[in-house]
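One structure is given here, and the rest of the page talks about it.
Atoms within a ligand are numbered from 1 in the order they appear, just like the ligands themselves.
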Amino acid sequence: MKIPFVDLKLLHSEIKEELRDVFDRVLNESTFVLGPEVQRFEQEFAAYVGTTHCVAVNTGTAAIQLALAALGIGSGDEVITVPHTFIATAEAITAVGARPVFIDIDPVSFTMNPALLEAAISSKTRAIIPVHIYGQVADMDRILEISNLHGIPVVEDACQAHGAEYKGRKAGAFGIAGCFSFYPGKNLGACGEGGAVTTDDGDLAQRIRLWRDHGSSKRYEHIFPGLNMRMDGLQGGILSVKLKYLDRWNNQRRQAAAAYDKAFVDTDIEIPNEMDYGHHVYHLYVVQTSNRDALRHQLTDAGIESGLHYPIPLHLQEAYRFLGYKEGDFPVAERVKNRILSLPMYPGIRTQTIERVVSELRESCHVG
Ligand SMILES: *Cc1c(COP(=O)(O)O)cnc(C)c1O
């Protein structure tokens, strides 16, 4: 039997009736863009994250872009982030016309290394975007301390971290804005595209609302030229249903991670580190090994899907060649890209499935 990397069919089979009800409701109401379902989800998600506002948009990329745009960031400005992330983090920066400035990650957490942050700040720096990669929050105390010292706002890329915590507070509640993706495979996923910005700043929330809807708060009256990045009514309703299950699903991910962790103890496969400060929600379960490519081939031959998150750090991507970075600039990101391997991880993954993945890997890694 093939083992998938994620199993969305399994997830949705459990809640099919509830999702059908959403379709019925939205069809009866026929408000397909924004509307009451989206408004309700915004309130519920803000309450979940612990912020006063949430603005629902159409993707996670848009969430970051609109947060930056609403902060007034544009051409001539610099935004500091990490090269070890999905390209969307940097695309949101270039989309507003600003320049991404990369700093390396911490070798233990794989998130932004705060020790490198101050040296990267220039007179043009307008925001800092830590990425809560794989479902683990970055070291927010140290990042926020530097942010406060220099008066530079933090925008969190929480696109992989729905429900993740740092010292008891949720991802998305630390910066001036928290940005989430509801792409179907994320810990909280729509049945299509979706995203949101969480914030405690009412003015910022209002500006993001304008940005997502053509700079308009009243039909056909436009305060500035904005964009169309609104959430669908259907997705709002679906996300409200799924939000109720998020903590349960995250716990299932944590249990699966614990089962993997235990099975790898006597091998030379390095398990992911859960930091003392945090509550990891394992959007991805990423191990490290020196013979990654061989292990990955072996899994593929055995019908087991795996992933690489990500194979090329952003500073070495063709798309960002114009930034002028070169190989060797970010040694940690460059080292881990050859060692990482993402194993099957999803809520409801069975113990036997984990055992099969592990036994396949144990055959070719060093045990003892
Ligand atoms: C998924 C993701 C995004 C972008 O979200 P979309 O909804 O796909 O636009 C941004 N950053 C990170 C780290 C992500 O994983």
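- Among protein heavy atoms, atom 2 (C) of ligand 1 sits closest to Lys186 NZ, 2.6 Å.
- Under the 30°/60° scheme for interplanar angles, the aromatic rings of Phe174 and Tyr166 are found to stand perpendicular.
- Annotation: atom 11 (N) of ligand 1 to nearest protein heavy atom, Asp157 OD2, 2.8 Å.
- Each of the atoms 13 (C) of ligand 1 lies under 4.0 Å from some heavy atom of Thr85.
- The contact set between ligand 1 and Gly60, taken as ligand atoms under 4.0 Å from a residue heavy atom, comprises 5 (O), 6 (P), 7 (O), 9 (O).
- Figure legend: cation-pi geometry between Lys170 and Tyr48, with NZ or CZ positioned under 6.0 Å from the six-membered ring centre and within 45° of its axis.
- Under the 30°/60° scheme for interplanar angles, the aromatic rings of Tyr260 and Tyr285 are found to lie parallel.
- Arg142 has no carboxylate O lying under 4.0 Å from a charged side-chain N of Glu145, or vice versa, which leaves the two without a salt bridge.
- Under 4.0 Å is where a charged nitrogen must lie from a carboxylate oxygen, and between Arg350 and Glu355 no such pair does.
- Applying the 6.0 Å contact sphere to NE2 of His150 captures more than 12 heavy atoms from other residues, nucleotides or ligands.
- Contact annotation: the side chain of Asp104 never approaches that of Val82 to less than 4.5 Å [non-hydrogen atoms, C-beta and beyond].
- Residue-to-ligand polar distances place Gln160 within reach of ligand 1: an N/O pair is separated by less than 3.5 Å.
- With ligand atoms numbered from 1 in the order given, ligand 1 contributes 11 (N) to contacts under 4.0 Å with heavy atoms of Thr89.
- The nearest heavy-atom contact from the protein to atom 9 (O) of ligand 1 is Thr61 OG1, 2.4 Å.
- Atom numbering of ligand 1 starts at 1 in the shown order; those under 4.0 Å from a heavy atom of Ala88 are 3 (C), 4 (C), 10 (C).
- For the pair Asp329 and Lys326, the salt-bridge criterion is met [side-chain N within less than 4.0 Å of a carboxylate O].
- Interface of Cys159 with ligand 1, defined as ligand atoms under 4.0 Å from a residue heavy atom, comprises 2 (C), 3 (C), 10 (C), 11 (N), 12 (C), 14 (C).
- By heavy-atom distance, the residue among Pro184, Gly185, Ser181 lying nearest atom 5 (O) of ligand 1 is Ser181.
- Near Thr59, with a cut-off below 4.0 Å to any heavy atom, the atoms of ligand 1 are 7 (O), 9 (O).
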